[in-house]
Amino acid sequence: VTIRRATIDDLLCMQNANLHNLPENYLFKYYMYHILSWPEASFVATTTDAGDESDSHMEELTTHRAAHAPTKQDPCYVRPGEKLVGYVLAKMNDDPAAQQAGTALNGHITSLSVMRTYRRMGLAEKLMRQALFALAEVYKAQYVSLHVRQSNRAALHLYRDTLEFEVLDVEKSYYLDGEDAYAMKKVLDTDE
Ligand code: ACO
């Protein structure tokens with residue numbers, strides 16, 4: 001599996017992976033907006049394994065995804081022979097209120113997911129570390145924020161324990177189904 005910067009050619013497969021893995025989905029133009037505005041912030045994990053049978057296994061449904069999850073993951077090829085298995089979609093905060101003088105520049109993780117059969121291999125951690133590094137080095141982010149479902153144990157472990165994000169706040173009913181979110185933040189090392 002290779003981790004590399006995401007390009008415009010990867011966006012359809014990133015959207016496809018997002019639809020498979022998460023109930024929070026976005027219009028294609030929102031993916032375009034990320035890549036056109038912050039072309040160095042988002043990353044993909046891809047593999048060139050030919051004949052990989054693992055994608056045809058039935059998915060084990062978990063509670064918060066049960067309502068929308070498809071039963072099978074079709075491989076999505078970004079180009080012949082190169083299959084997308086994970087992505088992180090990242091941006092800088094462009095909320096006008098946050099851009100006022102004196103406000104720290106901050107990055108934001110819009111979405112992260114890894115296809116089921118490629119989980120627990122360290123891919124999400126690698127994708128996140130690449131995005132955090134790029135947000136700090138290229139876009140001068142002083143900190144990075146994200147939201148995560150309170151029930152999402154895997155993602156919480158990754159953010160809080162592995163990547164040392166802190167929980168800033170609980171946002172009540174942040175998600176459309178009424179679940180609360182943890183608003184998380186990590187201060188980045190930047191050399192001015
Ligand atoms: N339960 C407990 N801990 C877990 C789990 C799990 N199910 N999965 C991963 N972890 C831990 C790993 O053990 C590792 O911990 P360590 O550093 O102590 O060894 C750490 O999390 C990172 O593991 P990775 O292998 O890098 O994570 P993976 O590639 O499996 O991806 C992810 C984790 C992205 C959460 C994956 O499970 C997934 O795609 N889930 C569905 C989509 C999702 O929930 N995305 C995040 C939504 S929040 C957002 O997008 C901002």
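Ligands are counted one by one from 1 in listed order, and the atoms in each one are counted from 1 as well.
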With heavy atoms of [X] as the reference, note each atom of ligand 1 found under 4.0 Å away.
{"X": "Glu125", "value": "26 (O)"}
{"X": "Ala124", "value": "26 (O), 27 (O), 28 (P), 29 (O), 31 (O), 33 (C), 34 (C)"}
{"X": "Ser113", "value": "39 (O), 42 (C)"}
{"X": "Ser111", "value": "50 (O)"}

Looking at [X], I want to see if its [atom1] is surrounded by more than 12 non-hydrogen atoms of other residues, nucleotides or ligands under 6.0 Å.
{"X": "Phe133", "atom1": "CZ", "answer": "no"}
{"X": "Leu36", "atom1": "CG", "answer": "yes"}
{"X": "Arg79", "atom1": "CZ", "answer": "yes"}

Look at the aromatic rings of Tyr26 and Tyr31 and report parallel, tilted or perpendicular, splitting at 30° and 60°.
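Ring orientation of Tyr26 relative to Tyr31: perpendicular.
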Pick whichever of Arg120, His157, Arg153 has a heavy atom sitting closest to atom 6 (C) of ligand 1.
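Nearest heavy atom to atom 6 (C) of ligand 1 lies in Arg120.
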Is there a heavy atom of Leu22 sitting under 4.0 angstrom from any atom of ligand 1?
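Yes; Leu22 lies near enough to ligand 1 that a heavy-atom distance drops under 4.0 Å.
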If the contact criterion is a heavy-atom separation under 4.0 Å, does Lys126 count as touching ligand 1?
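The answer is no: ligand 1 sits nowhere under 4.0 Å from a heavy atom of Lys126.
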For residues 112-155, which residue pairs qualify under disulfide (SG to SG under 2.5 Å), counting only residues two or more places apart or in two chains?
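Pairs touching residues 112-155 that pass the test: none.
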Between [X] and ligand 1, which part of the residue brings a heavy atom under 4.0 Å of the ligand: side chain, backbone, both or neither?
{"X": "His147", "answer": "backbone"}
{"X": "Met121", "answer": "backbone"}
{"X": "Tyr159", "answer": "side chain"}

Is there at least one pair of N or O atoms, one from [X] and one from ligand 1, spaced under 3.5 Å apart?
{"X": "Val148", "value": "no"}
{"X": "Leu146", "value": "no"}
{"X": "Asn21", "value": "no"}
{"X": "Val114", "value": "yes"}

Looking at side-chain heavy atoms only, is the closest gap between Val78 and Val44 below 4.5 Å?
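Side chain of Val78 against side chain of Val44, heavy atoms only: no contact under 4.5 Å found.
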Pairing residues for Phe43 by the ring-ring contact (aromatic ring centres under 6.0 Å, His included) criterion, not counting sequence neighbours
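For Phe43, no residue satisfies ring-ring contact (aromatic ring centres under 6.0 Å, His included) once neighbours in sequence are set aside.
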Distance check, rounded to the nearest 0.5 Å: Met14 atom CE versus Asn18 atom CG?
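The CG atom of Asn18 is 9.0 Å from CE of Met14, to the nearest 0.5 Å.
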Are Arg149 and Tyr175 in a cation-pi contact, defined as NZ or CZ under 6.0 Å from the six-membered ring centre and within 45° of the axis?
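Satisfied, under 6.0 Å and within 45°.
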